[in-house]
Amino acid sequence: MAHRNYERIYAVVRRIPRGRVATYGQVATLAGMAGQARQVGYALHALPHDSDVPWHRVLNARGAVSRRAEPGTEALQRALLEKEGIRFDQRGRLDLAAYRWVPRRGRSR
DNA sequence: TTTATGGCTGTCA
DNA sequence: ATGACAGCCATAA
């Protein structure tokens with residue numbers, strides 16, 4: 001079987017509290033893979049549907065749901081976030097400054 | 001093995 | 001503010 005460094009990523013994503021979001025880059029950094037935001041995207045893409053990882057709480061640096069291969073999933077992600085109390089503007093983006101998850105007292109700024 | 005994408009990001013126009 | 005480019009690295013073919 002293949003090495004699953006993805007566990008690293010999943011562990012980080014699992015720590016994102018409800019009603020909070022993180023960017024791919026942020027997750028990558030917290031997982032010890034700074035600069036490899038893309039790999040985070042792949043890791044989440046490979047995530048099974050019965051997983052307990054809140055993949056929907058991960059957004060791109062623009063504070064919006066990223067465009068991906070399968071169309072229905074974007075809407076699903078947004079719906080899940082709205083269900084957690086996160087509001088999007090007319091552009092489909094949210095205020096990262098307000099919803100960004102901060103792992104510890106330290107500020108990422 | 002090489003080549004082509006890709007759930008991204010930061011910089012520049 | 002948006003749009004185009006380049007860089008990073010893993011997975012798929």
Side-chain angles (χ1 to χ4, degrees):
Chain A
M1 33 201 297
H3 22 233
R4 27 186 95 194
N5 287 350
Y6 290 162
E7 279 301 326
R8 203 76 167 172
I9 295 171
Y10 298 155
V12 173
V13 177
R14 251 184 288 242
R15 285 165 50 196
I16 303 175
R18 207 158 159 276
R20 233 41 245 222
V21 299
T23 65
Y24 292 100
Q26 185 182 355
V27 172
T29 300
L30 291 173
M33 311 195 282
Q36 303 182 308
R38 271 184 166 165
Q39 195 186 337
V40 174
Y42 283 110
L44 296 181
H45 177 74
L47 206 55
H49 292 93
D50 57 349
S51 164
D52 57 337
V53 178
W55 56 273
H56 57 276
R57 293 178 190 149
V58 184
L59 311 173
N60 61 31
R62 296 172 182 171
V65 175
S66 293
R67 272 282 211 85
R68 41 196 186 353
E70 298 199 43
T73 323
E74 302 176 34
L76 170 62
Q77 178 168 12
R78 175 169 171 167
L80 288 171
L81 290 174
E82 291 182 319
K83 199 156 78 171
E84 296 187 351
I86 292 177
R87 295 208 244 171
F88 290 80
D89 61 18
Q90 299 181 352
R91 289 256 201 95
R93 307 198 316 198
L94 54 78
D95 185 359
L96 267 185
Y99 294 112
R100 163 117 46 188
W101 170 52
V102 181
R104 309 221 170 180
R105 39 209 169 80
R107 299 261 338 245
S108 51
R109 199 180 350 167

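Given the structure is predicted, the values throughout are model-derived calculations rather than measurements. First the proteins, then the strands, lettered A, B, ... as listed; each starts at 1. Only heavy atoms go into these numbers, but all of them, side chains included; no hydrogens, no water, no symmetry mates.
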Whole-Å distance between [N] [atom2] and [X] [atom1]?
{"X": "Gln90(A)", "N": "dA1(C)", "atom1": "CD", "atom2": "C1'", "result": "16 Å"}
{"X": "Ile9(A)", "N": "dC8(B)", "atom1": "CD1", "atom2": "P", "result": "13 Å"}
{"X": "His45(A)", "N": "dC9(C)", "atom1": "NE2", "atom2": "C1'", "result": "16 Å"}
{"X": "Glu7(A)", "N": "dA10(C)", "atom1": "CD", "atom2": "P", "result": "17 Å"}
{"X": "Gln26(A)", "N": "dG10(B)", "atom1": "CD", "atom2": "P", "result": "11 Å"}
{"X": "Leu30(A)", "N": "dC8(B)", "atom1": "CG", "atom2": "P", "result": "18 Å"}
{"X": "Gln39(A)", "N": "dA12(C)", "atom1": "CD", "atom2": "C1'", "result": "15 Å"}
{"X": "Asn60(A)", "N": "dT9(B)", "atom1": "CG", "atom2": "P", "result": "5 Å"}

For residues [X] and [Y], report the shortest heavy-atom separation together with the two atoms involved.
{"X": "Ala61(A)", "Y": "Thr23(A)", "answer": "CA-CG2, 4.1 Å"}
{"X": "Gln77(A)", "Y": "Val65(A)", "answer": "OE1-CG1, 3.2 Å"}
{"X": "Arg87(A)", "Y": "Tyr99(A)", "answer": "N-OH, 3.3 Å"}
{"X": "Pro103(A)", "Y": "Leu30(A)", "answer": "CG-CD1, 3.7 Å"}

* Between Thr29(A) (side chain) and Gly25(A) (backbone), is there a donor-acceptor pair under 3.5 Å? -> yes
* Asked: With pairs taken as Watson-Crick or G-U wobble and both distances under 3.5 angstrom, which stems of at least three consecutive pairs involve DNA chain B?
  ->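 Detected stem regions: B:2-6 with C:9-13, B:8-13 with C:2-7.
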* Asked: What's the closest nucleotide to the Tyr42(A) side chain, out of dA10(C), dT9(B), dA1(C)?
  ->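 Closest nucleotide among those given: dA10(C).
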NA contact type, [X], heavy-atom cut-off 4.0 Å: base, sugar-phosphate, or nothing?
{"X": "Arg67(A)", "result": "sugar-phosphate"}
{"X": "Thr23(A)", "result": "sugar-phosphate"}
{"X": "Arg93(A)", "result": "sugar-phosphate"}

* So, is Arg91(A) near the phosphate of dT2(C), with a side-chain N or O under 4.0 Å from OP1 or OP2? -> yes
* To do: Answer yes or no on whether Arg93(A) is positioned over the face of Phe88(A), meaning its NZ or CZ is under 6.0 Å from the six-membered ring centre and within 45° of the axis.
  =>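 No, Arg93(A) and Phe88(A) do not form such a contact.
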* Positions of residues 31-38 of chain A (non-hydrogen atom under 4.0 Å from DNA chain C), listed by number -> Gln36(A), Arg38(A)
* Under 4.0 Å between a Lys/Arg side-chain N and an Asp/Glu carboxylate O for Glu82(A) and Arg78(A)? -> yes
* Do Glu84(A) and Arg57(A) sit within salt-bridge range, that is, some charged N less than 4.0 Å from a carboxylate O? ->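 Yes, Glu84(A) and Arg57(A) are salt-bridged.
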* Asked: So with a 6.0 Å cut-off around CZ of Arg62(A), is the heavy-atom count from everything else above 12?
  ->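 No, CZ of Arg62(A) has 12 or fewer neighbouring heavy atoms, counting only those of other groups under 6.0 Å.
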